[in-house]
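In each ligand, atom 1 is the first atom listed, and ligand 1 is the first ligand listed.
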Amino acid sequence: MKVFKFGGASINSIDRIKNTASIIQSFKGEKILIVVSAMGKTTNALEKVVNAFFEGRKEEALQLFEQLKNNHLDVLKYLIALNWQKAENQLKEFFTEIEWLLHDKPVRSYDYYYDQIVCCGELLSSSILCNYLAEEKSKAIWLDVRDVIRTDNNFRDAEIDWNFTSQRMTTSVAPLFQEYDVVITQGFIGATDENESTTLGREGSDYTAAIFANILEGESVTIWKDVDAVMSADPKKYPDATILHSLSFTEVIEMAYYGAQVIHPKTIKPLQNKNIPLLVKSFLDPTLQGTIISKESSKNLPPIIVHKSNQVLIQFKSKDFSFVEDKPIQQLHDLLNDIKIKPNLSQNTAISLLCCFDDHAEKIDQLAQAASNIFDVEVERNLTLLTIRHYQQDSIHKLTADKNVLLEQKTLQTVQMIMR
Ligand code: ASP
Ligand code: MG
């Protein structure tokens with residue numbers, strides 16, 4: 001069995017959905033498990049619904065949701081003729097669930113409502129794709145992933161219950177392939193033991209694909225994207241960027257960790273653990289070679305550049321010239337845990353600790369405020385974090401020529417710089 005993941009861009013219009021279906025049909029006779037994201041920017045649109053609902057603007061929430069409904073119904077209308085009524089009824093069931101909720105008043109946490117509402121993006125897109133394939137006479141079955149992926153109730157960043165999920169997948173998903181060639185399900189979402197929907201973190205569909213492949217021992221995972229392959233840098237920012245046709249799991253997990261937008265960082269471990277190769281291919285031109293990520297070590301790599309803008313550097317400085325050691329560091333860690341924010345880089349000096357974060361404005365303000373009880377806190381915004389793997393001295397010079405480097409960290413493989 002192969003696992004395919006189709007991201008939002010591959011199904012964001014009628015033509016794209018048809019294109020995706022034709023890619024699937026070109027693998028006729030093979031067993032394929034398909035994980036899809038929400039169409040286009042649906043997840044962002046659903047986040048706006050959540051915000052309006054949670055802030056008590058019910059009418060606005062309903063109106064925003066109405067737009068989203070119409071978009072999906074329009075797409076359905078153009079794709080499906082034969083079984084249109086059945087397909088529409090399925091979408092309407094998902095709509096109704098959300099609308100019921102939107103008519104209530106929020107009494108639980110923001111994150112809880114986020115997951116109950118946002119999960120519908122993937123339910124809708126997978127349902128549309130599956131019904132379109134049925135219309136095209138492909139033998140595909142739709143699976144509600146919330147019946148098989150069990151998580152804890154850490155809403156918006158839920159942790160997988162691997163035991164339960166393995167058992168469920170083995171007993172109820174694997175047998176589907178005796179009758180069907182194609183199983184279509186949702187990325188990014190799961191459910192708790194109380195049947196509440198959960199999400200795995202933004203862009204989490206890649207991770208879902210890896211979970212299925214790991215448990216069902218897939219032969220490979222293919223992530224279909226709107227790029228030709230994985231590149232050594234973002235070609236929009238770095239014109240010298242080159243295509244990387246093969247990469248090791250180690251290389252990719254490091255790249256993703258440093259913030260490269262290639263693949264969700266959690267995706268690699270489940271694949272590496274079972275030695276399942278990951279292919280990145282273009283849905284715009286499936287004949288292109290793409291990138292293969294596997295246990296083979298990557299040789300002769302060019303400098304790989306990961307550029308993260310919108311960074312904040314915070315200096316936590318001892319108030320009375322005592323060393324910043326175990327106790328204040330522990331207190332700071334607890335704070336970061338509570339606020340759910342992770343530094344992208346940190347460095348100690350005798351009486352201060354420097355940490356660089358993505359600028360989630362609210363969290364940063366909250367952190368600076370709380371930490372000021374323990375430290376003198378200084379915040380500098382609008383910075384860039386540049387990471388270069390396999391750097392050469394001249395690549396560093398070139399990339400930092402007109403920049404003010406505030407902090408640099410180097411290992412043999414990797415250099416990271418925070419720049420103004
Ligand atoms: N639809 C979700 C998001 O946009 C999950 C994904 O795309 O992987 O974050
Ligand atoms: Mg997406």
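When the shell of 6.0 Å around CD of Glu362 is examined, it contains 12 or fewer heavy atoms from other residues, nucleotides or ligands.
Under a 4.0 Å criterion applied to the non-hydrogen atoms of Glu122, ligand 1 contributes the atoms 1 (N), 2 (C), 5 (C). Every atom of ligand 1 with a heavy atom of Thr43 under 4.0 Å away is listed here by number and element: 1 (N), 2 (C), 3 (C), 4 (O). Of all atoms in ligand 1, listed by their number and element, those nearer than 4.0 Å to a heavy atom of Arg202 are 3 (C), 4 (O), 9 (O). Within ligand 1, counting atoms from 1 as listed, the ones closer than 4.0 Å to a heavy atom of Phe188 are 2 (C), 5 (C).
Geometrically, ligand 1 and Glu203 share a nitrogen or oxygen pair separated by less than 3.5 Å.
Ring geometry for Phe4 against Phe6 counts as perpendicular: the plane angle is over 60°, on a 0 to 90° scale with 30° as the lower cut.
Residue contact annotation: Gly204 has a non-hydrogen atom under 4.0 Å from ligand 1.
Using a 4.0 Å cut-off between a side-chain N of Lys or Arg and a carboxylate O of Asp or Glu, Glu122 and Arg146 do not qualify as a salt bridge. The residues Asp359 and Arg381 are annotated as salt-bridged, a charged nitrogen and a carboxylate oxygen being separated by less than 4.0 angstrom.
In summary, the side chains of Asn344 and Asp358 do present a donor paired with an acceptor at a separation below 3.5 Å, with no hydrogens or angles considered.
Only the side chain of Ser37 comes within 4.0 Å of ligand 1, counting heavy atoms alone; its backbone N, CA, C and O stay farther away.
Between Phe65 and Trp100, the ring centre distance reaches or exceeds 6.0 Å.
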